[in-house]
Amino acid sequence: MANFAKPGGPRFSVDVYQNEYLPEGGREVNAIVTVTAKGGGAPAGPGTSAAVVLMVDCSGSMDYPPTKMRNARDATAAAIDTLRDGTHFGIVDGTHVAREVYPGGGRLAVADATTRAQAKQALRRLRTGGGTAIGTWLRLADRLLAGADVSIRHGILLTDGRNEHESAAELKDTLDACAGRFTCDARGVGTDWEVKEVTGVASALLGTADIVADPARLTEDFTRIMESTMGKEVADVALRVWTPVGTRIKFVKQVAPTVEELTDRRTEAGPRAGDYPTGSWGDESRDYHLCVEVPAAGLGQEMLAARVSLVAAQPDRSAQNLGAQGLVRAVWTDDMAASTSLNSQVAHYTGQAELAQAIQEGLDLRKAGDMDGATAKLGRAVQLAGVSGNADTAKLLAKVVDVVDAPTGTVRLKAKVAEADEMTLETRSTKTVRVKK
């Protein structure tokens with residue numbers, strides 16, 4: 001384990017959990033890499049200033065029921081109250097077009113008592129009407145955030161409907177253009193929005209996604225999001241993975257607090273090294289699953305399969321090495337007990353990734369009318385949730401299936417399922433529990 005403290009920010013550390021022993025001819029090395037940032041939380045100085053744009057859905061559907069728009073205004077006002085003095089911020093009104101609500105003029109305001117009061121006054125002028133084109137909201141947020149001389153750039157997006165006024169390809173193009181420029185938390189309010197659209201925004205922009213089925217809970221959720229954003233101190237952190245000649249990275253994925261595939265997001269970082277984006281960090285810890293294919297070697301040989309370090313992007317596009325580093329090893333042995341033992345961390349998170357996939361596939365099959373397939377997948381999900389101790393996911397599954405026997409994954413699909421329950425399970429399917437270390 002190695003660690004590093006960024007001046008004025010958190011201290012980063014890297015721990016590697018693996019079974020390094022391979023049988024003769026073995027080629028696949030798996031490791032769980034835990035990255036922890038501790039000691040942050042101090043008031044941000046000039047080098048860790050932040051900018052936030054709040055994107056509020058103002059389409060016509062937000063007026064049904066009328067309390068939904070009022071809850072959205074109240075939640076946005078509460079988020080503004082949570083802003084730290086000196087934070088740059090703005091509000092965007094989102095329909096089939098995007099419009100600056102506050103402060104206007106293609107710029108962001110700087111949070112203090114006066115600008116907070118002005119922003120909350122501007123919220124009262126929000127009116128509903130029109131359609132939904134989420135990509136236009138994100139592009140405006142990107143332009144506003146790009147104009148701020150800050151290190152942390154973040155968006156908060158709220159929608160209650162489907163993205164009907166632009167194509168899926170247009171939204172994807174926008175997400176590709178915004179990726180790496182700012183992070184974004186996305187929320188769906190009510191039950192008339194599309195889960196894959198909201199989770200897709202959060203995934204592409206390295207934020208969180210969730211459902212707020214009851215609009216009255218928006219204030220609590222927005223306040224929590226903003227508190228988390230204000231706690232971020234280091235932006236654009238990446239896992240840098242170096243591998244020796246002859247090796248191949250099979251995959252890199254975040255496995256806690258949520259499952260997030262990172263393999264295809266690699267950017268080259270010199271000979272045999274690549275960077276995998278992780279977004280902004282405060283005082284927190286996350287786990288990553290690294291799988292490396294190594295050349296076969298003889299008994300008794302050993303090699304360094306991968307070296308994992310942390311880097312942070314700088315304004316000049318260079319990368320600052322954060323010093324924290326972990327090593328992944330491979331050792332070939334004829335000791336069958338050693339080579340067949342599965343590391344508990346690797347086993348746990350392999351199961352958590354399968355759990356998320358089983359839920360997604362099960363719900364997709366249910367929507368497609370394949371009830372037998374859905375029953376099998378969701379039954380497997382119940383089984384995995386029980387084995388891994390993921391009690392929250394088990395509770396959500398129990399609202400969609402009747403559990404006959406959890407250990408064997410024997411379930412029956414419920415005849416009637418509340419739409420909010422199904423959407424909550426789908427939205428939160430990638431949330432994991434950490435293994436006890």
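Contact check for Leu171 versus Ile134: side-chain heavy atoms found under the 4.5 Å cut-off. Under the 4.5 Å side-chain criterion, counting only non-hydrogen atoms from C-beta, Leu425 is in contact with Leu363. Counting only heavy atoms from C-beta outward, the side chains of Leu378 and Leu397 approach each other to under 4.5 Å. Looking at Gln18 and Val328, their side chains come closer than 4.5 Å, going by heavy atoms from C-beta outward. Under the 4.5 Å side-chain criterion, counting only non-hydrogen atoms from C-beta, Thr132 is in contact with Trp137. Proximity of Val53 to Ile91: side-chain heavy atoms (C-beta onward) are nowhere separated by under 4.5 Å. A 4.5 Å side-chain heavy-atom check between Val14 and Gln325 finds every atom pair outside the cut-off. When side chains are defined from C-beta on, Val255 does not count as touching Thr432, because their heavy atoms never get closer than 4.5 Å.
The pair Glu422-Arg366 meets the salt-bridge criterion, with a side-chain N (NZ, NE, NH1 or NH2) lying under 4.0 Å from an Asp/Glu carboxylate O. Under a 4.0 Å N-O distance rule, the pair Lys120/Asp81 qualifies as a salt bridge. Note on Arg265 versus Glu260: salt bridge recorded, some NZ/NE/NH1/NH2 to OD/OE distance being below 4.0 Å. Taking 4.0 Å as the cut-off between side-chain N and carboxylate O, Glu354 and Arg380 count as a salt-bridged pair. Ionic pairing of Lys196 and Glu426 is present here: one or more N-O contacts between side-chain nitrogen and carboxylate oxygen are shorter than 4.0 angstrom. Between Asp112 and Arg116 there is no salt bridge, since no side-chain N of the basic residue sits under 4.0 Å from a carboxylate O of the acidic one. Ionic pairing of Asp275 and Arg266 is not present here: no N-O contact between side-chain nitrogen and carboxylate oxygen is shorter than 4.0 angstrom. Ion pairing between a basic and an acidic side chain is recognised when a charged N comes within 4.0 Å of a carboxylate O; Arg143 and Glu100 show no such pairing. Asp63 has no carboxylate O lying under 4.0 Å from a charged side-chain N of Lys68, or vice versa, which leaves the two without a salt bridge. Checked for salt-bridge contact, Asp185 and Arg224 miss the test: no charged N lies under 4.0 Å from a carboxylate O.
For Lys367, the NZ atom is densely surrounded, since the number of other residues' heavy atoms within 6.0 Å is greater than 12. Summarising the local packing, CD of Glu361 is surrounded by more than 12 heavy atoms from other residues, nucleotides or ligands at distances under 6.0 Å. More than 12 heavy-atom neighbours from other residues, nucleotides or ligands sit within 6.0 angstrom of CZ on Phe251. The neighbour count for Lys172 NZ, taken as heavy atoms of other residues, nucleotides or ligands under 6.0 Å away, does not exceed 12.
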Inset, instruction - Check the pair Thr34, Asp287 against side chain to side chain donor-acceptor pair (under 3.5 Å), reporting the backbone distance first and the verdict last. - result: CA-CA 4 Å; Thr34 296; Asp287 292 335; 2.6 Å; yes
Legend entry - Residues Val16, Leu327; criterion side-chain contact (heavy atoms from CB on, under 4.5 Å); working and verdict: CA-CA 7 Å; Val16 175; Leu327 304 178; 5.9 Å; no
Inset, instruction - Go through Phe222 and Val212 one step at a time and tell me if the side-chain contact (heavy atoms from CB on, under 4.5 Å) criterion holds. - result: CA-CA 10 Å; Phe222 266 40; Val212 187; over 6 Å; no
Legend entry - Val195 and Glu197: CA distance, side-chain angles, deciding distance, side-chain contact (heavy atoms from CB on, under 4.5 Å) verdict: CA-CA 5 Å; Val195 171; Glu197 288 174 354; over 6 Å; no
Legend entry - CA sep, side-chain torsions, deciding dist, call: Val433, His348, side-chain contact (heavy atoms from CB on, under 4.5 Å): CA-CA 9 Å; Val433 291; His348 175 82; 3.9 Å; yes
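No side-chain donor from either of Asp210 and Thr427 sits under 3.5 Å from a side-chain acceptor of the other. Judged purely by distance below 3.5 Å, without hydrogens or angles, the side chains of Asp421 and Thr424 never pair a donor atom with an acceptor atom. Defined by atom type and a distance below 3.5 Å, a donor-acceptor pair is present between the side-chain atoms of Ser285 and Thr36. For the residue pair Thr174 and Glu170, no side-chain donor N or O sits within less than 3.5 Å of a side-chain acceptor on the partner.
Under a 3.5 Å cut-off, the side chain of Thr87 and the backbone N or O of Leu83 do not form any donor-acceptor pair. The main-chain N or O of Ser49 is found under 3.5 Å from a side-chain atom of Ser151 such that the two form a donor-acceptor pair. The closest donor-acceptor contact from the side chain of Arg153 to the backbone of Ala51 lies at 3.5 Å or more, if one exists at all. At distances below 3.5 Å, at least one donor-acceptor pair connects side-chain atoms of Glu261 with backbone N or O atoms of Thr263. Judged purely by atom type and a 3.5 angstrom limit, Thr278 uses its side chain to pair as donor or acceptor with the backbone of Val237. Proximity of a side-chain donor or acceptor of Gln360 to a complementary backbone N or O of Ala358 within less than 3.5 Å is not detected. Looking only at distances, no side-chain donor or acceptor of Arg240 sits under 3.5 Å from a matching main-chain atom of Val311.
Thr159 pairs in a side chain to side chain contact (heavy atoms under 4.5 Å, CB included) with only one of the listed residues (Asp57, Val189, Asp192, Val201), which is Asp57. For the side chain to side chain contact (heavy atoms under 4.5 Å, CB included) criterion with Asp93, the lone passing option out of Val101, Val56, Thr128 is Val101.
Between His165 and His96, the ring-plane angle classifies as tilted under the 30° and 60° cut-offs.
Residues passing the salt bridge (charged side-chain N to carboxylate O under 4.0 Å, His left out) test with Glu227: none are found, sequence neighbours excluded.
Taking the centre of each ring, His154 and Phe182 stay at or above the 6.0 Å mark. Taking the centre of each ring, Tyr276 and Tyr288 stay at or above the 6.0 Å mark.
With rounding to the nearest 0.5 angstrom, the OG1 atom of Thr350 is 9.5 Å from the CG atom of Asn343.
In this structure, Arg187 is not positioned above the aromatic face of Trp193 in the sense of NZ or CZ being under 6.0 Å from the six-membered ring centre and within 45° of the axis.
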